[in-house]
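Atoms considered below: every heavy atom in the structure, side chains included; atoms not considered: hydrogens, waters and symmetry mates.
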Protein chains: 2
Amino acid sequence: MDWSQANAACDALTENEESLTRDIVTRLAEKWTLWTLAVLAESEAPLRFSRVMEQVEGVSQKSLTKVLRQLERDGLVTRAVFAEVPPRVEYAITELALDMLDLLHPLWQWATVHVGTFQAAHAAYDKKRPAA
Amino acid sequence: MDWSQANAACDALTENEESLTRDIVTRLAEKWTLWTLAVLAESEAPLRFSRVMEQVEGVSQKSLTKVLRQLERDGLVTRAVFAEVPPRVEYAITELALDMLDLLHPLWQWATVHVGTFQAAHAAYDKKRPAA
DNA sequence: CTGCATCCGTTACGATACTG
DNA sequence: CAGTATCGTAACGGATGCAG
């Protein structure tokens, strides 16, 4: 593991930039963010608000709105409003977000591959500490 | 983007396994988890609780304890208790966790590289929606 | 030294009702 | 259809005090 490389990249950032980097990564792991991005990534065409909400199963309108707003602000999705009746709003994923998902893919694969390892680790731990 | 590949890996999991996978990834992004792992990864030798807390700047005892317990349960760190006076507890990172950090590295680099992009995106967004 | 228990403020989330 | 406003609940995280 070449941690000097990672540290060099980190040290080059101002405190403000480092904070922002942390925020971005943290935000990606919030409850509905990745799921929403995945839905938009799987769709070839832009999706209306209702279609996204159907596919991100269990999300509330409020939370989905918040997540989409944040993603838009981060430049990870685009939001297009059409002045029609009834109103239409379409969301689409950006290239930036697709790049990021590519990077995230190995991590997800790692997690799926090691699911059995984690189940075993949990079982062993719970046996040692039944109280917890 | 080859999403069929990602979907194939996902579809092979039971609902329970998929839930666990999601939990693992989510946990990695919790406030102090990655920072703690990074500290343990940088150290060649196992670290005592106090040493970890010194280096994970700003973490409370409570949060650090919780994070370390969870990491131990996931098999990402080991915890060794020495029956001495005063008590000594040493934490070390596992190979499994080091593998994971390797996979995570590109994502972190991506975030640092695009910090400027995000700042610009935020500025543009806030200009368009000053109310928000 | 380690780390658990408790209190407390903040934030996240969901349900519901309402607006352009 | 696509939100906004409001409310109530639950989880999170920090500070403090105490025990082994």
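- Of the side-chain N and O atoms in B/S63, one or more sit less than 4.0 angstrom from OP1 or OP2 of D/dG14.
- Judged by distance alone, with hydrogens and angles left aside, the side-chain atoms of B/S43 form no donor-acceptor pair with the main-chain N or O of B/L40 at under 3.5 Å.
- Heavy atoms of other residues, nucleotides or ligands lying less than 6.0 angstrom from CD of A/E84 number more than 12.
- The separation between A/E90 atom CD and D/dC1 atom P is 14 Å, rounded to whole Å.
- A salt bridge between B/R51 and B/E54 is present, with a side-chain N of the basic residue lying under 4.0 Å from a carboxylate O of the acidic one.
- Defined by atom type and a distance below 3.5 Å, a donor-acceptor pair is present between the side-chain atoms of A/S60 and A/S63.
- Both B/P86 and A/E30 sit near DNA chain C, but only B/P86 has its closest nucleotide nearer the 5' end.
- Remark: C1' of C/dG14 and NZ of A/K31 are 9 Å apart, rounded to the nearest angstrom.
- Summary of the strand contacts: B/R51 and A/P87 both lie near DNA chain C, and taking for each the nucleotide with the nearest heavy atom, the more 5' one is attributed to B/R51.
- Note: A/F118 and A/W110 have perpendicular aromatic rings, judged against thresholds of 30 and 60 degrees for the angle between ring planes.
- The listed nucleotides are D/dG20, D/dC1, D/dG13; the one nearest the side chain of B/W32 is D/dG13.
- Separating the CG atom of A/L64 from the C1' atom of C/dA12 is a distance of 15 Å, rounded to the nearest angstrom.
- C/dG20 atom C1' lies 18 Å from atom CZ of A/F82, rounded to whole Å.
- B/W108 does not carry A/R22 over the face of its six-membered ring by the limits of under 6.0 Å from the centre and within 45° of the normal.
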Name the pairs: protein N/O against N/O of nucleotides 3-9 of chain C, kept only if under 3.5 Å.
| unit_1 | atom_1 | unit_2 | atom_2 | d |
| --- | --- | --- | --- | --- |
| C/dG3 | OP1 | B/R79 | NE | 3.4 |
| C/dG3 | OP1 | B/R79 | NH2 | 2.2 |
| C/dG3 | OP2 | B/Y91 | OH | 2.9 |
| C/dG3 | N7 | B/Q61 | OE1 | 2.8 |
| C/dG3 | N7 | B/Q61 | NE2 | 3.0 |
| C/dC4 | OP1 | B/R69 | NH2 | 2.6 |
| C/dC4 | N4 | B/Q61 | OE1 | 3.4 |

